[in-house]
Visitor: 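The structure is given below, and queries will be raised subsequently.
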Amino acid sequence: MAQISLTFPDGASRDYPKGVTPMEVAASISNSLAKKAISAHVDDAHWDLQWPIEVDAKIALNTLKDEVPALELIRHDLAHIMARAVQEIWPGVKVTIGPVIANGWYYDFDRTEPFTPEDLGAIEKKMKEIINKREPVTTEIWERDRAIAHYQATNEPYKVELIEAIPGDEPLRMYWHGHWQDLCRGPHLQNTGQVPADAFKLMNVAGAYWRGDSNRAMLQRIYAVAFQNKEQLKKHLFMLEEAAKRDHRKLGREMNLFHMQEEAPGQVFWHPNGWSIYTELQDYIRRKQRAGGYQEVNTPQVVDRKLWEQSGHWEKFQESMFIVEVDESRTEDGDNAQNFDERSNDPKHTRINALKPMNCPCHVQIFNQGLKSYRDLPLRMAEFGSCARYEPSGALHGIMRVRGFTQDDGHIFCREDQIEEETAIYIDFLSSIYSDLGFHEFKVKFSDRPEKRAGTDETWDKAEAALLSATRAAGIEPELNPGEGAFYGPKLEFVLTDAIGRDWQCGTHQVDFVLPDRLGADYIGEDGNKHTPVMLHRACLGSFERFIGILIEEHAGKLPFWLAPRQVIVASIVSDADPFVHEIVAALKAKGVRAEADIRNEKINYKVREHSVGKVPVLLAIGQREVEDRTVSVRRLGEKQTKTETLDQIVATLATDAHPPDLRRSADL
RNA sequence: GCUGCUGUAGCUCAGAGGUAGAGCACUCCCUUGGUAAGGGAGAGGUCGAGAGUUCAAUUCUCUCCAGCAGCACCA
């Protein structure tokens, strides 16, 4: 019989008959290893213990202690076990797919009745029964036709469709968990008993479209988490609870930053505290943009459909626009006003406008005023542009995904050969802002040409190369999103992560070959002829709303001092201290510190608790001693220790702390 | 937009076919207290909106609105 040579991680090698399985290899080493083994790595491929090895290879056997393969297999086997449990409880439920995801897995089912939270409990219980049966996991290779016939016979249309979508004619792998059968490429554990029965939890049910296509059936997806042991599961659940405490919607309420209400879904009512963050941030960006060579502009909110038709938004973006009909025959006569509904049906007098969903067309209008020379390029135009988009109701999320928002928008009009340099300048600009705001880690995604696009391949080649080379020059290797670029040009996206790990696109930098041409932008080149500029759409924060949401979650509400809406509370311990409290507040305010007095008839314990919960970074407590010595007792948020300082000292310190990062830097110079 | 769930006092939540309750917050009184909730009293709700069933609906049914989770979307 032919022999093959297998090399172990320690470098030793042994000969085995060709077609030996990792299980047999494990058994040749020791009985206990054969029992503990869960899978192998054969030449770095994750290998089922039952799969034969046909050629010389490196081999490493995995046990439950090997985290990466263990988690992969535990979660994957649990997905099968869950599907089996569901079909045992409710025969006739159709199975689809159930991949492993971060922290666990999900499985999509087709069932008429919705799964209830009680159902999840029943499924979990059944899963534990299955695990405790310790039934073997077995596998076989089937011919395609046999597999299709099997799933037709068992009325599993989704499986049939899956098989039909698998390219080629190669045979397919089947797995059995006990008697329960599923199509699966593997690998799997030896038996169901290798799954820790107390380290998983079914989390929730949600709808999900079959194959991610909103035109197809809506299935029921059960999400679950699983780990190597109970402690890790507990730790994960605890982390989720902690993350929920950072939720910007909850903190926004607790810190009295903003609210939203039914009458204006997806739009923010900023309260004084929240607006303080907003304006502080806006002032900061405004200073940065001025320093970065941008000219700030402002453009109209309500714009005639003619412009949107010209820009292409009317055709491509209409269903996301708020459209406003204005009856121009209206007079100021009160009686007429009551007939608005009737008269607005009269097309003769109705003019159709849209709230701007983007600022770019308006910026081109400004560019188009007066003749532009190549000497004017690159021309960097910025606007804190308030936009309205009719986002699908299901997409709304706190202040992170809204229908009314303000972008720190900017458009750079330049020549094609300036794209790379402008991109480099932008990345540098954005990095400096993110670092000032405490975000040192962010993902960068690069989206290249989509199938349907404007512009020549040559132009795309140049633009893509320019974006990539500028990004790499900044030491960033972007993630590639193939084919995800806009039809008008490639783009870079800068992504930040919220408290529970959801990604949010904030910064963006997009090349646009189309819009300047559509809207008739041009400049006179060195050659004396007219040329169309390239337009770069860019934002750093993205929208103030989303960015502030991220900022709140990132800091769990404990914003950096310069951004904190209430920076200092000066709290009296005895009412005799009230005059000194007012004096301190006045001294701080004179230095630009946001300070407030708290001279309520409450104990200091009460005040400390309340302002700690309210995330005020500094509390100055004033009692009899402080009044006599003209000192303050300083308590910083999160610190138990207090410190006594003189009034002059603390005012000087806090006045410095209150400087935004850019001004602090220039003050140091 | 789709699937499921939810909507009761400012907030967090309980409740039942006969028009409602707790804790915190709020107001007033007592308390002048030294670093995460001192004590007492009081006020506060068209039970998301509309329609239907019923002698009677906040409770049951339907429609709509909004929110939550996920999917789709994010030009």
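Lettering of chains follows the sequences in order, A, B, ..., and the numbering in each one begins at 1.
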Visitor: With ring centroids as reference points, do Phe258(A) and Phe269(A) lie under 6.0 angstrom apart?
Guide: no

Visitor: Just checking Val574(A): base, sugar-phosphate only, or nothing, at a heavy-atom cut-off of under 4.0 Å?
Guide: base

Visitor: Can you tell whether the side chains of Arg502(A) and Glu553(A) come within less than 4.0 Å, N to carboxylate O?
Guide: no

Visitor: When rounded to the nearest Å, what value does the distance between C1' atoms of A14(B) and A69(B) take?
Guide: 24 Å

Visitor: With sugar-phosphate meaning primed atoms plus P, OP1 and OP2, does Lys452(A) contact a base, only sugar-phosphate, or nothing at under 4.0 Å between heavy atoms?
Guide: nothing

Visitor: Salt bridge check: are Glu645(A) and Lys643(A) linked by an N-O gap of less than 4.0 Å?
Guide: yes

Visitor: Any side-chain N or O of Arg216(A) less than 4.0 Å from the OP1 or OP2 oxygen of C2(B)?
Guide: no

Visitor: Measure CZ/Phe269(A) against C1'/G10(B) and give the value in whole Å, please.
Guide: 16 Å

Visitor: Examine the side chains of Trp308(A) and Glu315(A) and answer whether a donor and an acceptor come within less than 3.5 Å of each other.
Guide: no

Visitor: Let me know the distance between NZ of Lys607(A) and P of A37(B), rounded to the nearest Å.
Guide: 15 Å

Visitor: Honestly, is Arg403(A) close enough over Tyr390(A), meaning NZ or CZ under 6.0 Å from the six-membered ring centre and within 45° of the axis?
Guide: yes

Visitor: Are side-chain heavy atoms of Lys558(A) and Leu637(A) found at a separation under 4.5 Å?
Guide: yes

Visitor: Once you round it to whole Å, what is the distance between P of C74(B) and NE2 of His537(A)?
Guide: 16 Å

Visitor: When the C1' atoms of G48(B) and C68(B) are compared, how many Å lie between them, rounded to an integer?
Guide: 15 Å

Visitor: Roughly, in whole Å, what's the span from CD in Gln505(A) to C1' in C73(B)?
Guide: 13 Å

Visitor: Which part of the nucleic acid, if any, lies within reach of His397(A) when heavy atoms closer than 4.0 Å are counted: base, sugar-phosphate only, or nothing?
Guide: sugar-phosphate

Visitor: Under 3.5 Å, is there an N or O donor on one side and an acceptor on the other linking the side chain of Ser575(A) and the base of U32(B)?
Guide: yes

Visitor: Could you go step by step and tell me if Tyr223(A) and Tyr107(A) meet the ring-ring contact (aromatic ring centres under 6.0 Å, His included) rule?
Guide: CA-CA 7 Å; Tyr223(A) 281 92; Tyr107(A) 205 109; over 10 Å; no

Visitor: Expressed in angstrom and rounded to an integer, what is the separation of Arg221(A) atom CZ from A72(B) atom C1'?
Guide: 11 Å

Visitor: Mind running ring-ring contact (aromatic ring centres under 6.0 Å, His included) on His80(A) and Trp105(A) for me, showing each step along the way?
Guide: CA-CA 10 Å; His80(A) 282 247; Trp105(A) 79 92; over 10 Å; no

Visitor: Rounded to the nearest angstrom, tell me the gap between atom CD in Gln641(A) and atom C1' in G34(B).
Guide: 14 Å

Visitor: Expressed as a whole number of angstroms, how long is the span from Asn605(A):CG to G34(B):C1'?
Guide: 8 Å

Visitor: Tyr426(A) ring centre to Arg538(A) NZ or CZ under 6.0 Å, with the angle to the axis within 45°?
Guide: no

Visitor: Look at all strands and tell whether Ala395(A) reaches a base, only sugar-phosphate, or nothing, counting heavy atoms closer than 4.0 Å.
Guide: base

Visitor: In this structure, is the centre-to-centre distance between the rings of His509(A) and His537(A) below 6.0 Å?
Guide: no

Visitor: Using a 6.0 Å distance limit plus a 45 degree cone around the ring axis, check whether Lys234(A) lies over the aromatic ring of Phe227(A).
Guide: no

Visitor: Mind listing the closest non-hydrogen atom pair of Val581(A) and Ala571(A) along with its distance?
Guide: CG2-C, 4.4 Å

Visitor: How would you label the contact of Arg636(A) with the nucleic acid (heavy atoms, under 4.0 Å): base, sugar-phosphate, or nothing?
Guide: nothing

Visitor: When you match Asp213(A) and Tyr209(A) each to their closest nucleotide on RNA chain B, which lands nearer the 5' end?
Guide: Tyr209(A)

Visitor: Just checking Tyr223(A): base, sugar-phosphate only, or nothing, at a heavy-atom cut-off of under 4.0 Å?
Guide: sugar-phosphate

Visitor: Using the 3.5 Å cut-off, write out each protein N or O paired with an N or O of nucleotides 63-66 of chain B and the distance between them.
Guide:
residue	atom	partner	partner atom	Å
C65(B)	O2'	Glu262(A)	OE1	3.4

Visitor: Using atom C1' in both nucleotides, what's the gap between A57(B) and G42(B) to the nearest angstrom?
Guide: 32 Å

Visitor: Heavy atoms only, 4.0 Å cut-off, all strands: where does Tyr606(A) land among base, sugar-phosphate and nothing?
Guide: sugar-phosphate

Visitor: Side chains of Gln301(A) and Lys356(A): does their closest heavy-atom pair fall under 4.5 Å?
Guide: yes

Visitor: Collect all protein-nucleotide pairs involving nucleotides 39-45 of chain B in which both atoms are nitrogen or oxygen and the distance is under 3.5 Å.
Guide:
none

Visitor: Name the nucleic acid region contacted by Gly312(A), choosing base, sugar-phosphate or nothing; use a 4.0 angstrom heavy-atom cut-off, strictly under.
Guide: nothing

Visitor: May I ask you to check if Arg546(A) and Phe544(A) form a cation-pi contact, with NZ or CZ under 6.0 angstrom from the six-membered ring centre and within 45° of the axis?
Guide: no

Visitor: Is the centre of the Phe513(A) ring less than 6.0 Å from the centre of the Tyr488(A) ring?
Guide: no

Visitor: Provide the distance between the two P atoms, one in G15(B) and one in U6(B), to the nearest whole Å.
Guide: 13 Å

Visitor: For the C1' atoms, the ones on U46(B) and on A20(B), what distance do you get once it is rounded to whole angstrom?
Guide: 13 Å

Visitor: In whole Å, I'd like the distance from the CG atom of Asn481(A) to the C1' atom of C74(B).
Guide: 13 Å

Visitor: Using atom C1' of each nucleotide, how far apart are U12(B) and U19(B) to the nearest Å?
Guide: 25 Å

Visitor: Under 4.0 Å between any heavy atoms, over every strand shown, what does Gly489(A) touch: base, sugar-phosphate, or nothing? Just pick one.
Guide: nothing

Visitor: For Arg249(A), report the nucleic acid contact type (base, sugar-phosphate, nothing); a contact means any heavy atom under 4.0 Å.
Guide: sugar-phosphate

Visitor: Please give the stem ranges for RNA chain B, sorted by first residue number, where a stem is three or more consecutive Watson-Crick or G-U pairs and both donor-acceptor distances are under 3.5 Å.
Guide: B:1-7 with B:65-71, B:10-13 with B:21-24, B:26-30 with B:38-42, B:48-52 with B:60-64

Visitor: Nearest of A36(B), G1(B), G34(B) to any side-chain atom of Pro392(A)?
Guide: G1(B)

Visitor: Scan Arg625(A) against the nucleic acid and name what it touches under 4.0 Å (heavy atoms): base, sugar-phosphate only, or nothing.
Guide: base

Visitor: Please determine whether a side-chain nitrogen or oxygen atom of Arg635(A) lies at a distance below 4.0 Å from atom OP1 or OP2 of A36(B).
Guide: yes

Visitor: Quick check on RNA chain B: between Ser320(A) and Arg600(A), whose nearest nucleotide comes earlier from the 5' end?
Guide: Arg600(A)

Visitor: Roughly how far apart, to the nearest Å, are A25(B) and A37(B) at atom C1'?
Guide: 12 Å

Visitor: Given the structure, check if the side chain of Glu626(A) and the base of G34(B) hold any donor-acceptor pair shorter than 3.5 Å.
Guide: yes

Visitor: Measuring only the P atom in each nucleotide, how far is G39(B) from U32(B)? A whole number of Å is fine.
Guide: 15 Å

